[in-house]
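Proteins get letters first, then strands, A, B, ... in listed order; numbering begins at 1 in each.
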Protein chains: 2
Amino acid sequence: MAEDFAEQHVARWRDHWIDVEFDDEIELATFRLSRLTKYQKDSVKNAAAAVGLQVFEYQTLHTLMIRDTPGIASPRELAEAADVSPAGMTGRLDSLEKAGLIKRTPSPTDRRSIIIEATTAGVAIWRQAMRQRGEAEKRLMGALSAKELTTLNRLLRKLAVVADEHPPPNLP
Amino acid sequence: MAEDFAEQHVARWRDHWIDVEFDDEIELATFRLSRLTKYQKDSVKNAAAAVGLQVFEYQTLHTLMIRDTPGIASPRELAEAADVSPAGMTGRLDSLEKAGLIKRTPSPTDRRSIIIEATTAGVAIWRQAMRQRGEAEKRLMGALSAKELTTLNRLLRKLAVVADEHPPPNLP
DNA sequence: GACGAATATTTCGCTGGCGAACTACTTTGA
DNA sequence: TCAAAGTAGTTCGCCAGCGAAATATTCGTC
């Protein structure tokens, strides 16, 4: 069976970096995860473009819609969930508000706060982009049988728990 | 067993988006992959900061070092490998050159081209960052047994082949 | 040998996002 | 009750990267 890109990558490492300590299996998995990351990034880009949104607009709407309180959040909550600074989120919300996809409402209980809410147009455009993105994910995961997908999830779960509960230590 | 974030995510979807068609296992896998993406992004950020590099500087050096011709490339080749525009790569190389981590040499065979080469200092600082990044990957993958890691790689390979050979279709 | 098409890199104006600071407001503790 | 500390969101100056255009060069065809 021909080598995939990850195997070619690891073979190159063996050729050129024999003094760099690494585990083949770990390096293969890491490299493959980065290839899947690129696929997902590209599918987001395509889904956003298909409905006339910029990537950051789609990502922000998506972050808003998949909350516990779908379609409703504060800018700070959105910034945290999207891993974006408060200043950055302000700019994003400016763009979405201007496009009529969200609205900002002063909080009735806290005059420092505003409440972000997706508009009907915002929800509709998000759904359209989600359908396309869903197709891309189906195409990808269709490479596995149902049993394999369950096995993959069991293994990804173990990794995701570590990733979420023990993020790389921050610097002092 | 308590739910992980992905299971909570999918449960929310069931609660709120009963009319959005999706497959639980696909959605779980997709969500978990994005959590691993964040972990890797954070570990890159930490590794770069630890050696005094900005993320884009580390990423560019890394892209240069893992080539078939380690430490040597053209700006165009680097831009493609790093998924960055030629203009963006020019700026990145400006920064790395200024820091003494790469050097630009006119091509002997094509006066339009220049040859990018990592300096001794560039290779050294990349190695340092790689050690730290390697630790973070070991910590993550250590959640799996050797047999599980092999199984994961077999499944990721199937997905990576689809991701690399059938990227999401570009828009017209 | 001339010329049009293609390529390599850089420049330029613009954009999204950042850190820091600012303004307005809320919470806390004495 | 009030001042200090903390919080929410925005503004500002700066930066990394983009698309388009510019400049220089190469290549293929006639």
Met89(A) CE to dG16(C) P, in whole Å, measures 14 Å
Separation of dG17(D) atom P from Gln54(A) atom CD, nearest Å, is 17 Å
Distance-only polar pair, side chains of Thr37(B) and Gln40(A), donor-acceptor under 3.5 Å = no
Arg154(A) vs Glu148(B) side-chain heavy atoms within contact, under 4.5 Å = yes
Atom CD of Glu80(A) and atom P of dA8(D) are separated, to the nearest Å, by 9 Å
Contacts of Asp83(A) and Thr109(A) projected onto DNA chain C by closest heavy atom; the upstream (5') one is Asp83(A)
Among dC25(C), dC18(C), dT9(C), the one nearest any side-chain atom of Asp110(A) is dC25(C)
Q | Presence of Arg104(A) side-chain N/O under 4.0 Å of dT10(D) phosphate oxygens OP1/OP2 | A | yes
Note to self: For His62(A) and Tyr58(A), I'd like to know if the aromatic rings sit close, meaning centre-to-centre distance below 6.0 Å.
What the structure shows: yes
In whole angstroms, the gap separating C1' of dT9(C) from CG of Leu93(B) amounts to 10 Å
From the candidates dT11(C), dC25(C), dA8(C), the one with an atom nearest any side-chain atom of Ala87(B) is dT11(C)
Side chains of Glu77(A) and Ser74(A): is there a donor and an acceptor less than 3.5 Å apart?
yes
Taken to the nearest whole Å, CG/Leu78(B) to C1'/dA8(C) is 13 Å
Counting the atoms with a prime plus P, OP1 and OP2 as sugar-phosphate, which does Ser95(B) contact under 4.0 Å by heavy atoms, base, sugar-phosphate, or nothing?
nothing
Less than 4.5 Å apart, any side-chain heavy atom of Ile102(B) and any of Glu117(B)?
no
With a non-hydrogen cut-off below 4.0 angstrom, is Ser113(A) in contact with a base, only sugar-phosphate, or nothing?
sugar-phosphate
Can you find a side chain N or O atom of Arg111(A) that sits less than 4.0 Å from OP1 or OP2 on dA8(D)?
no
Taking dG19(C), dC18(D), dG16(C) as options, the one with an atom nearest any side-chain atom of Ser85(A) is dG19(C)
Taking dG17(C), dG9(D), dT10(C) as options, the one with an atom nearest any side-chain atom of Thr90(B) is dT10(C)
_Determine whether a donor-acceptor pair (one donor, one acceptor, N or O, separation below 3.5 Å) exists between the side chain of Arg112(B) and the base of dT7(C)._
yes
note: Asp94(B), atom CG; dC18(D), atom C1'; distance rounded to Å ~ 15 Å
Would you indicate what Pro75(A) reaches in the nucleic acid, counting non-hydrogen atoms under 4.0 angstrom: base, sugar-phosphate, or nothing? sugar-phosphate
Among dT9(C), dA16(D), dA8(D), the one nearest any side-chain atom of Arg76(A) is dA8(D)
Here the distance between atom P of dC18(D) and atom CZ of Phe56(B), to the nearest Å, is 12 Å
note: Lys98(A), atom NZ; dT10(D), atom P; distance rounded to Å ~ 16 Å
